[in-house]
Engineer: 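Got a structure here, written out as structure tokens. Questions coming.
Quick caveat, the model's predicted, so the values are computed rather than measured.
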Amino acid sequence: MTTAQSPVELDVQPTPLALLLLGREADPKSERGVECPGDLPSPSDPDLVERARAAKEKLGDKVFVLGHHYQRDEVIQFADVTGDSFKLAKDAAAKPEAEYIVFCGVHFMAESADILTTDDQKVVLPDLAAGCSMADMATAEQVAECWDVLSDAGIAEQVVPVSYMNSSADIKAFTGKHGGTICTSSNAKRALEWAFEQGEKVLFLPDQHLGRNTAVRDMGLSLDDCVLYNPHKPNGGLTPEQLRDAKMILWRGHCSVHGRFSLESVEDVRARIPGVNVLVHPECKHEVVAAADYVGSTEHIIKTLEAAPAGSKWAIGTELNLVRRLANRFAAEDKEIVFLDKTVCFCSTMNRIDLPHLVWTLESLAEGNLVNQIEVDRETEQFAKLALERMLALP
């Protein structure tokens with residue numbers, strides 16, 4: 001007969017790193033204003049910089065490089081224009097003489113540029129893996145199934161889809177087919193006002209936070225007027241009664257960067273920096289937006305800081321590449337600009353567009369080799385463009 005042996009007790013002391021990874025300790029060195037925890041190597045290899053410059057010079061007017069605000073500085077230095085996704089797509093459309101549009105952004109942005117440019121122009125994305133987690137949270141199949149759920153609930157005819165610019169061409173096309181419009185973070189209120197003139201309810205895709213913040217903060221609806229449709233649950237996790245009672249049907253999607261900012265982030269920065277102004281993007285959670293001093297799109301954030309008085313203090317809730325660039329830009333004016341959260345770094349998919357990928361793209365084009373072209377099929381383009389044109393026609 002054997003007896004169970006007593007478990008052996010090991011005298012193991014967790015290391016500070018282990019505790020940090022388990023979330024049980026803090027790293028006091030991680031709070032570094034607009035700096036990402038941990039030092040990164042110098043990104044701009046002088047040889048790559050010179051190669052990019054030479055290839056771009058060889059291409060001349062044949063190439064037009066677009067740089068999104070969230071791109072790293074090593075890429076932005078080669079951009080002919082910078083801006084948010086829709087501004088850049090319009091800039092590309094206004095440059096019909098450029099044979100190649102190199103979009104330093106993410107996939108849905110390049111799709112929008114292809115939709116708005118001429119058939120003779122070629123839109124190129126330096127890294128095809130540069131996607132958008134938010135845009136990927138709504139697929140054409142999921143949205144079609146959602147529309148079936150709305151039809152079964154007897155409300156589809158009352159619903160007008162409004163899709164954020166940060167969505168795939170397929171979702172934009174669905175929106176166009178069903179009488180809806182596209183919006184940006186700067187004109188979301190106007191888009192929703194238009195939608196409620198067309199119908200009684202709105203299906204807002206794919207960012208729940210922009211939809212909720214615009215409806216509640218800007219239009220006076222209540223949180224009870226909003227329901228959250230989860231595409232991973234039967235019927236979106238909602239009853240027919242909930243759908244019939246709702247005014248805003250929000251898709252369960254979010255930005256992986258902006259969604260990480262928390263109310264604790266706001267409270268912490270106010271405690272550390274007396275007199276700080278908190279300025280956040282409307283893709284942030286509702287409680288973060290409610291606690292902020294100012295809320296606005298990327299372009300609004302830039303203009304607000306441009307107009308801010310010297311010596312003012314700002315905590316910015318948006319992507320870190322832009323915050324760092326703004327902090328450096330306005331340092332001479334004694335404007336203190338810090339990142340709102342100390343644990344979130346860069347948009348990982350946006351940062352797939354790096355200098356090596358850009359060099360490869362420009363050198364390939366200079367040698368006559370078309371690489372990484374983004375093409376939207378004719379039918380999708382037709383209906384997506386219809387939705388975009390409805391937005392452009394908004395008063």
Side-chain angles (χ1 to χ4, degrees), residues 63-71 79 81-96 98-144 161-178 180-185 191 205-207 210 251 253 255-256 283 298 347 349-350 352-353 357-358 361 365 370-392:
V63 70
F64 192 51
V65 180
L66 310 176
H68 191 272
H69 285 310
Y70 296 168
Q71 284 295 327
V81 292
T82 60
D84 60 18
S85 59
F86 186 55
K87 175 184 179 297
L88 293 176
K90 290 194 296 181
D91 287 341
K95 199 78 171 176
E99 182 179 350
Y100 304 117
I101 304 295
V102 176
F103 209 126
C104 298
V106 294
H107 197 276
F108 79 81
M109 300 178 187
E111 287 184 328
S112 296
D114 184 58
I115 290 167
L116 293 176
T117 51
T118 68
D119 292 341
D120 294 332
Q121 293 177 291
K122 309 293 189 296
V123 177
V124 173
L125 186 65
D127 186 349
L128 293 179
C132 171
S133 59
M134 180 201 297
D136 292 342
M137 290 178 189
T139 68
E141 294 76 13
Q142 289 173 330
V143 176
V162 175
S163 292
Y164 190 21
M165 179 63 68
N166 299 28
S167 58
S168 69
D170 288 338
I171 301 306
K172 290 183 176 73
F174 168 90
T175 305
K177 281 183 181 179
H178 292 84
T181 186
I182 308 302
C183 76
T184 68
S185 53
L205 299 152
D207 181 22
L210 178 61
W251 192 264
C255 170
S256 299
E283 289 177 21
T298 302
C347 174
T349 50
M350 186 74 72
R352 288 183 180 275
I353 308 298
H357 281 90
L358 180 59
T361 300
L365 296 177
L370 178 61
V371 295
N372 289 8
Q373 182 180 3
I374 301 299
E375 290 184 281
V376 178
D377 67 83
R378 292 285 185 180
E379 182 179 0
T380 301
E381 178 180 317
Q382 173 189 349
F383 287 105
K385 193 169 186 176
L386 177 61
L388 287 166
E389 288 172 344
R390 289 193 184 114
M391 181 183 74
L392 293 173

Engineer: Less than 4.5 Å apart, any side-chain heavy atom of P206 and any of Y164?
Structural biologist: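 Heavy-atom side-chain distance check passes, below 4.5 Å.
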Engineer: Please give me the minimum heavy-atom distance between A384 and A169, naming the atom from each residue.
Structural biologist: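 Smallest heavy-atom distance, with atoms named: CB-O, 4.0 Å.
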Engineer: Is the shortest side-chain heavy-atom distance between R390 and I182 below 4.5 Å?
Structural biologist: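 R390 vs I182: side chains apart.
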Engineer: Take atom NZ of K87 as the centre, draw a 6.0 Å sphere, and report whether it contains more than 12 heavy atoms from other residues, nucleotides or ligands.
Structural biologist: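 Enclosed: over 12 neighbouring heavy atoms sit under 6.0 Å from NZ of K87.
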Engineer: Measure from the side-chain N and O atoms of E99 to the backbone N and O of K122, and report whether any donor-acceptor pair falls under 3.5 Å.
Structural biologist: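 Such a contact is absent between E99 side chain and K122 backbone.
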Engineer: In Å and rounded to the nearest 0.5 Å, what is the CG to OG1 distance from N166 to T184?
Structural biologist: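 Reported to 0.5 Å precision, the distance equals 9.5 Å.
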Engineer: Are any of the side-chain heavy atoms of D170 and T380 separated by less than 4.5 Å?
Structural biologist: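 Yes - at least one pair of side-chain heavy atoms lies under 4.5 Å apart.
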Engineer: Could you report the tightest heavy-atom contact between P96 and T118, atom names first, then the distance?
Structural biologist: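 Smallest interatomic distance, heavy atoms only, reads CB-CG2, 4.5 Å.
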Engineer: Nearest 0.5 angstrom please: T181 OG1 to M391 CE, how far?
Structural biologist: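 Those atoms lie 6.5 Å apart.
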Engineer: Using only atom types and a distance under 3.5 Å, with no angle test, would you say the side chain of E379 pairs donor to acceptor with the backbone of A173?
Structural biologist: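 It does not hold such a pair.
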Engineer: Closest approach of A92 and I101, non-hydrogen atoms and distance?
Structural biologist: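 Of all heavy-atom pairs spanning A92 and I101, the closest is CB-CG2, 3.9 Å.
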Engineer: Check whether any side-chain N or O of H178 sits under 3.5 Å from a backbone N or O of F174 as a donor-acceptor pair, and report yes or no.
Structural biologist: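 Yes.
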Engineer: Any sub-3.5 Å donor-acceptor pair from E283's side-chain atoms to C255's backbone N or O?
Structural biologist: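 Not a single qualifying donor-acceptor pair exists.
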Engineer: Drop me the distance from K90's NZ to L388's CG, to the nearest 0.5 angstrom.
Structural biologist: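 Result: 11.0 Å between the selected atoms.
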Engineer: Looking only at heavy atoms, what is the nearest atom pair of V65 and C104, with distance?
Structural biologist: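 Minimum heavy-atom contact is CG1-SG, 4.0 Å.
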Engineer: Once you round to the nearest 0.5 Å, how far does NE2 of H107 lie from CG of D136?
Structural biologist: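 So the NE2 of H107 and the CG of D136 are separated by 9.5 Å.
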Engineer: Could you tell me whether the side chain of D114 and the main chain of V123 form a donor-acceptor pair under 3.5 Å?
Structural biologist: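 Not at all, since once roles are kept as given, no pair shorter than 3.5 Å links the two residues.
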Engineer: For Y70 and T298, which I'm curious about, is there any donor-acceptor pair between the side chains at under 3.5 Å?
Structural biologist: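 A donor-acceptor contact under 3.5 Å links the two side chains.
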Engineer: Give me the atom names and distance for the closest heavy-atom approach of H68 to G105.
Structural biologist: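 In this case the closest contact between H68 and G105 is CB-CA, 4.4 Å.
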Engineer: Main chain of K172, side chain of S163: is a donor-acceptor contact present, judged purely on distance under 3.5 Å?
Structural biologist: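 Flag not set: sc S163 to bb K172 has no pair under 3.5 Å.
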Engineer: Walk me through it: do Y100 and L370 pass the test side chain to side chain contact (heavy atoms under 4.5 Å, CB included)?
Structural biologist: CA-CA 9 Å; Y100 304 117; L370 178 61; 4.0 Å; yes
Engineer: Are V81 and F64 side-chain neighbours, meaning at least one heavy-atom pair lies under 4.5 Å?
Structural biologist: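 A side-chain contact under 4.5 Å exists here.
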Engineer: Has E111 got a side-chain atom pairing as donor or acceptor with I374's backbone, closer than 3.5 angstrom?
Structural biologist: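 Answer holds: no.
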Engineer: Could you check whether R378 pairs with D119 (Lys NZ or Arg NE/NH1/NH2 to Asp/Glu carboxylate O, under 4.0 Å)?
Structural biologist: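 Salt bridge flag = yes for D119 with R378.
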Engineer: For V143, is there any backbone N or O sitting under 3.5 Å from a side-chain donor or acceptor partner on W251?
Structural biologist: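 Here the side-chain-to-backbone pair does not exist.
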Engineer: How far does CE of M134 sit from SG of C347, to the nearest 0.5 angstrom?
Structural biologist: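 SG of C347 is found 9.5 Å from CE of M134.
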Engineer: Output, in order, the C-alpha distance, side-chain angles, deciding distance and verdict of side chain to side chain contact (heavy atoms under 4.5 Å, CB included) for V63 and V124.
Structural biologist: CA-CA 10 Å; V63 70; V124 173; over 6 Å; no
Engineer: Which atom pair, heavy atoms only, marks the closest approach of G176 to L386?
Structural biologist: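 That would be O-CD2, 3.7 Å.
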Engineer: Rounded to the nearest 0.5 Å, what separates atom CG in L116 from atom CG in L88?
Structural biologist: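 Between atom CG of L116 and atom CG of L88 there are 11.5 Å.
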Engineer: Are the side chain of R352 and the backbone of A129 linked by a donor-acceptor contact shorter than 3.5 Å?
Structural biologist: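 Yes, the answer is positive, given that a donor and an acceptor are paired below the 3.5 Å cut-off.
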